[in-house]
*Asks:* 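Got a structure for you, written out below as C-alpha coordinates; questions coming shortly.
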Amino acid sequence: MLPSTAEGTSPRLSMNIQEQVGEQRAAVLLGLPMTEIWRFSRLAGLGHLEKGDRGEQVVFTSDELQRLCLLAAQSSK
(Lines give C-alpha, C1' and ligand atoms only; values in the text may rest on other atoms or scores of the structure.)
Protein backbone atom coordinates (compact mmCIF):
# COMPACT_ATOMS: atom_id res chain seq x y z
CA MET A 1 0.00 0.00 0.00
CA LEU A 2 1.30 3.45 -0.92
CA PRO A 3 1.75 6.06 1.80
CA SER A 4 -0.62 9.00 1.52
CA THR A 5 0.13 12.69 1.55
CA ALA A 6 -1.54 15.37 3.62
CA GLU A 7 -4.32 15.70 1.01
CA GLY A 8 -5.06 11.99 1.24
CA THR A 9 -3.72 11.03 -2.18
CA SER A 10 -0.78 8.83 -2.85
CA PRO A 11 2.45 10.52 -4.01
CA ARG A 12 2.34 8.58 -7.28
CA LEU A 13 -1.22 9.69 -8.04
CA SER A 14 -0.54 13.36 -7.35
CA MET A 15 2.58 13.24 -9.53
CA ASN A 16 0.56 11.80 -12.45
CA ILE A 17 -2.02 14.57 -12.18
CA GLN A 18 0.72 17.22 -12.29
CA GLU A 19 2.21 15.64 -15.41
CA GLN A 20 -1.01 16.18 -17.35
CA VAL A 21 -1.56 19.41 -19.27
CA GLY A 22 -4.98 20.68 -20.35
CA GLU A 23 -5.67 21.82 -23.89
CA GLN A 24 -5.65 25.53 -23.00
CA ARG A 25 -2.34 25.31 -21.18
CA ALA A 26 -0.89 23.26 -24.05
CA ALA A 27 -1.93 26.01 -26.48
CA VAL A 28 -0.22 28.66 -24.35
CA LEU A 29 2.94 26.63 -23.83
CA LEU A 30 3.29 25.84 -27.52
CA GLY A 31 2.19 29.28 -28.71
CA LEU A 32 -0.54 27.79 -30.88
CA PRO A 33 -4.25 28.53 -31.22
CA MET A 34 -6.65 25.98 -29.77
CA THR A 35 -7.77 24.96 -33.25
CA GLU A 36 -4.21 23.86 -34.07
CA ILE A 37 -3.92 21.92 -30.80
CA TRP A 38 -7.14 20.09 -31.62
CA ARG A 39 -6.03 19.43 -35.20
CA PHE A 40 -2.64 18.00 -34.22
CA SER A 41 -4.26 16.01 -31.42
CA ARG A 42 -6.74 14.39 -33.81
CA LEU A 43 -4.17 13.77 -36.56
CA ALA A 44 -1.68 12.09 -34.23
CA GLY A 45 -4.17 10.48 -31.84
CA LEU A 46 -2.70 12.33 -28.86
CA GLY A 47 -4.46 13.28 -25.63
CA HIS A 48 -7.60 11.98 -24.00
CA LEU A 49 -10.86 13.48 -22.78
CA GLU A 50 -11.35 14.14 -19.09
CA LYS A 51 -14.46 15.43 -17.37
CA GLY A 52 -13.96 18.15 -14.81
CA ASP A 53 -15.80 20.97 -13.08
CA ARG A 54 -15.78 23.01 -16.30
CA GLY A 55 -16.89 20.21 -18.60
CA GLU A 56 -14.79 18.03 -20.86
CA GLN A 57 -11.34 18.93 -22.08
CA VAL A 58 -8.49 17.16 -23.81
CA VAL A 59 -5.49 16.56 -21.56
CA PHE A 60 -2.00 15.56 -22.58
CA THR A 61 0.83 13.80 -20.79
CA SER A 62 4.24 15.44 -20.90
CA ASP A 63 5.30 12.94 -23.60
CA GLU A 64 2.24 13.78 -25.71
CA LEU A 65 2.94 17.49 -25.26
CA GLN A 66 6.46 16.94 -26.56
CA ARG A 67 5.11 15.08 -29.60
CA LEU A 68 2.64 17.94 -30.25
CA CYS A 69 5.56 20.36 -30.15
CA LEU A 70 7.48 18.28 -32.71
CA LEU A 71 4.44 18.06 -34.99
CA ALA A 72 3.92 21.82 -34.83
CA ALA A 73 7.60 22.47 -35.57
CA GLN A 74 7.59 20.10 -38.55
CA SER A 75 4.41 21.61 -39.99
CA SER A 76 5.87 25.11 -39.92
CA LYS A 77 8.73 24.15 -42.29
Side-chain angles (χ1 to χ4, degrees):
M1 185 168 187
L2 293 171
S4 60
T5 62
E7 293 93 21
T9 60
S10 70
R12 181 176 292 158
L13 179 61
S14 63
M15 187 177 0
N16 287 339
I17 291 169
Q18 292 172 356
E19 289 179 3
Q20 293 182 347
V21 176
E23 57 193 12
Q24 291 178 335
R25 183 167 285 180
V28 170
L29 288 171
L30 298 179
L32 296 172
M34 291 288 291
T35 54
E36 290 295 297
I37 295 293
W38 294 329
R39 185 171 72 89
F40 289 129
S41 173
R42 280 193 312 267
L43 287 173
L46 300 173
H48 63 278
L49 277 178
E50 281 202 1
K51 295 180 183 181
D53 296 340
R54 299 184 207 171
E56 290 184 340
Q57 75 166 340
V58 179
V59 294
F60 304 96
T61 65
S62 55
D63 289 338
E64 289 172 327
L65 189 62
Q66 182 179 13
R67 289 178 62 196
L68 278 175
C69 183
L70 292 172
L71 285 171
Q74 289 173 354
S75 74
S76 67
K77 291 183 178 180

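Quick note: numbers below take in every heavy atom, side chains included, and nothing from hydrogens, waters or symmetry partners.
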*Asks:* Nearest 0.5 Å, please: how far is CD in Gln57 from NE2 in His48?
*Replies:*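 Result: 9.5 Å between the selected atoms.
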*Asks:* Should Val28 and Val21 be regarded as members of a common hydrophobic cluster, given that ILVMFWY residues are connected when their side-chain heavy atoms come within less than 4.5 Å of each other, either directly or indirectly?
*Replies:*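 Shared cluster, no.
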*Asks:* Do you know which two heavy atoms are closest between Leu68 and Ser41, and how far apart they sit?
*Replies:*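 Answer, listing the atom of Leu68 first, then Ser41: CD2-N, 3.9 Å.
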*Asks:* Would you say that Glu50 contacts Glu56 through its side chain, given a criterion of any heavy-atom pair below 4.5 Å between the two side chains?
*Replies:*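 The answer is no, as the side chains (C-beta and beyond) never meet within the 4.5 Å cut-off.
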*Asks:* Would a single hydrophobic cluster contain both Val59 and Leu65, if residues Ile, Leu, Val, Met, Phe, Trp and Tyr are joined by side-chain heavy-atom contacts under 4.5 Å?
*Replies:*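 No, it is not one cluster - the side chains of Leu65 and Val59 are not joined through contacts under 4.5 Å.
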*Asks:* Using the rule that two of Ile, Leu, Val, Met, Phe, Trp, Tyr join whenever any of their side-chain heavy atoms come within less than 4.5 Å, decide whether Leu46 and Leu30 are in one cluster.
*Replies:*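 Per the 4.5 Å side-chain linkage, Leu46 and Leu30 are co-clustered.
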*Asks:* Taking all heavy atoms of Pro33 and all of Ala27, pick out the closest pair and write down the distance.
*Replies:*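 Result for this residue pair: C-CB, 4.5 Å.
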*Asks:* How many angstroms lie between atom CD of Gln20 and atom CZ of Phe60, to the nearest 0.5 angstrom?
*Replies:*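 Result: 11.0 Å between the selected atoms.
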*Asks:* What's the shortest heavy-atom distance between Ala72 and Leu32, and which atoms?
*Replies:*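 Where Ala72 meets Leu32 most closely, the heavy atoms are CB-CD1, 3.7 Å.
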*Asks:* Do Val58 and Leu49 come close enough that some side-chain heavy atom pair is under 4.5 Å?
*Replies:*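 The answer is yes, as the side chains (C-beta and beyond) meet within the 4.5 Å cut-off.
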*Asks:* Please name all residues satisfying salt bridge (charged side-chain N to carboxylate O under 4.0 Å, His left out) with Glu36, sequence neighbours left out, ordered by chain then number.
*Replies:*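 Listed in chain order: Arg39.
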*Asks:* To the nearest 0.5 Å, tell me how far Glu64 CD sits from Phe40 CZ.
*Replies:*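 Interatomic distance, Glu64 CD to Phe40 CZ, rounded to 0.5 Å: 15.0 Å.
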*Asks:* Within the supplied structure, the quantity of interest is the number of heavy atoms (other residues, nucleotides, ligands) at a distance under 6.0 Å from Gln24 CD; does it exceed 12?
*Replies:*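 Count not over threshold, so no.
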